[in-house]
There are 2 protein chains.
Amino acid sequence: MFSKACKYAIKALIYIASRSNDATRISLRDIAAKIDSPEHFTAKIMQVLSKQGIVSSIKGPNGGFYIENDAPPIKLLDVVRAIDGVQHLSGCGLGLKECSAHQPCPIHNEFSEIRGQMLTMLRENTIQQLAAELSAGHAVLKH
Amino acid sequence: MFSKACKYAIKALIYIASRSNDATRISLRDIAAKIDSPEHFTAKIMQVLSKQGIVSSIKGPNGGFYIENDAPPIKLLDVVRAIDGVQHLSGCGLGLKECSAHQPCPIHNEFSEIRGQMLTMLRENTIQQLAAELSAGHAVLKH
DNA sequence: ATAAATAAAGACAAAAATATCTTATATTAT
DNA sequence: ATAATATAAGATATTTTTGTCTTTATTTAT
Ligand code: FES
Ligand code: FES
């Protein structure tokens, strides 16, 4: 559904958000440990998120990643778009060059409806909301 | 969403079904041309489908692939399961080792609902039905 | 029988995704 | 200033997916 990179990105951001109320910076090592991801691979993903302005970072001792307290909510869709690209969420389910109701593939109607629900879900859910779920102990990021 | 292999498989089967009323065998070359797929890669996929009993084949001149007229309907889910595997449709959206309501990831509720709708769609739609759409000119398999 | 057509099988290659390792650079604490 | 910490960047490796090529086996038509 999503690439591993994208899953790591979402989990990392949720973890960071869940600890960003107290202005602490979260180190890469800590992130990788808490979401059970390869550290250096995660680093690359974080760099993309950082460049896109989705997460902030500070170098040096006590440095790390953080999300501003007054930052606007980060939609899941923003993250998926940044990592997997938009084509991933608008392309034809059967791989036609473009998805259109004009020249649809055989599953266009059924597929595009579900894809639309997925898009809605990704638009309506924010990293901050999900971080609250995590903080409340209602969810986990690793097993 | 689905792998390329799986997309090719679905398209190939729909094409075959759309021409299987008249007991003709469809050659690999014809399939690849009509669904715009690499011929030998498609061959491998067809072999998997053939071994799983999803499609029938006959060698030699005038040989090719076909679907019995009185064959039971092929659910899209059967095809996805054969090519991409079942994990693809039951695994956690964020990559946790297993998806469970007991130890859910932060997007479990939202994700599993959509995944369920996808499963329902794949169960309710059959290759034969979609082939009819194609035959009626309501859909295409390539651009 | 022979030749032609075709699926089947397997070796090989290329590309993409994922993962690891190394070095550079910036920042803070001492 | 120096050392320690941590992000940033890039080179390299591994794995998976996708794609290509070659050979074999089977069947039909002649
Ligand atoms: S054309 Fe295939 S999903 Fe829209
Ligand atoms: S636990 Fe993640 S989707 Fe169910």
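Predicted, not measured: the structure shown is a model, and the values here were computed from it. Residue numbers begin at 1 in each chain, while the letters A, B, ... track the order of the sequences.
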Revision key, fill the gap. Between B:Leu130 and the options B:Ile14, B:Ile74, B:Leu141, the side-chain contact (heavy atoms from CB on, under 4.5 Å) test singles out B:Ile14
Study note, to complete from the structure: Scoring nucleotides 22-30 of chain D by protein non-hydrogen atoms under 4.0 Å (B base, S sugar-phosphate only, - none) yields B---BBBS-
Check your understanding: In whole Å, what is the span from the CG atom of B:Leu28 to the P atom of D:dC21?
Key -> 15 Å
Review point. To the nearest Å, how far apart are A:Phe65 CZ and D:dT5 P?
Key: 18 Å
Exercise for review: Grab the CD-C1' distance between B:Glu39 and C:dA8 for me, whole Å please.
Suggested key: 13 Å
Exercise for review: Report the distance from atom CG of A:Leu13 to atom CE of A:Met46, rounding to the nearest 0.5 Å.
Suggested key: 5.5 Å
Check your understanding: Going through the checks in order, is the salt bridge (Lys or Arg N to Asp or Glu O under 4.0 Å) test met by A:Asp30 and A:Arg19?
Key -> CA-CA 12 Å; A:Asp30 187 27; A:Arg19 295 203 40 200; 3.2 Å; yes
**Study point:** Nucleic acid contacts of residues 41-57 of chain A, taken as heavy-atom distances under 4.0 Å to DNA chain D
**Key:** A:Lys44, A:Gln47, A:Ser50, A:Lys51, A:Ser57
Practice item. Give the ring-plane orientation class for A:Phe2 versus B:Phe111, where under 30° counts as parallel, over 60° as perpendicular and anything between as tilted. Key: tilted
Check your understanding: Can you check whether B:Lys4 has a side-chain N or O nearer than 4.0 Å to OP1 or OP2 of C:dA16?
Key -> no
**Study point:** Single-linkage hydrophobic cluster, 4.5 Å side-chain cutoff, A:Ile114 and A:Val86 together
**Key:** no
Practice item. Determine the contact category for B:Ile26: base if any of its heavy atoms lies under 4.0 Å from a base atom, sugar-phosphate if only primed atoms, P, OP1 or OP2 are that close, otherwise nothing. Key: sugar-phosphate
**Study point:** Co-membership, hydrophobic cluster, residues B:Tyr66 and B:Leu28, 4.5 Å side-chain
**Key:** no
Review point. Can you hop from B:Ile10 to B:Val140 via hydrophobic side chains spaced under 4.5 Å?
Key: no
Revision key, fill the gap. Closest to the 5' end of DNA chain D, once A:Gly64 and B:Ser3 are matched to their nearest nucleotides, is A:Gly64
Exercise for review: For B:Ile31, answer base if it contacts any base atom (sugar-phosphate contacts may also be present), sugar-phosphate if it contacts only those atoms, and nothing otherwise; contact means non-hydrogen atoms under 4.0 Å.
Suggested key: nothing
**Study point:** Lys/Arg N to Asp/Glu carboxylate O, A:Asp78 vs A:Arg81, below 4.0 Å
**Key:** yes
Practice item. Mind calculating the distance between CG (B:Asp36) and C1' (D:dG19) to the nearest angstrom? Key: 14 Å
Check your understanding: Could you state the NE2-C1' distance from A:His88 to C:dA16, rounded to the nearest angstrom?
Key -> 15 Å
Check your understanding: Are A:Tyr8 and C:dT18 close enough that a side-chain N or O sits under 4.0 Å from OP1 or OP2?
Key -> no
Study note, to complete from the structure: In whole angstroms, the gap separating C1' of D:dT18 from CZ of B:Phe2 amounts to 18 Å
Check your understanding: What's the verdict on side chain to side chain donor-acceptor pair (under 3.5 Å) for A:Thr42 and A:Ser37, showing C-alpha distance, side-chain angles and the deciding distance?
Key -> CA-CA 7 Å; A:Thr42 308; A:Ser37 67; 2.6 Å; yes
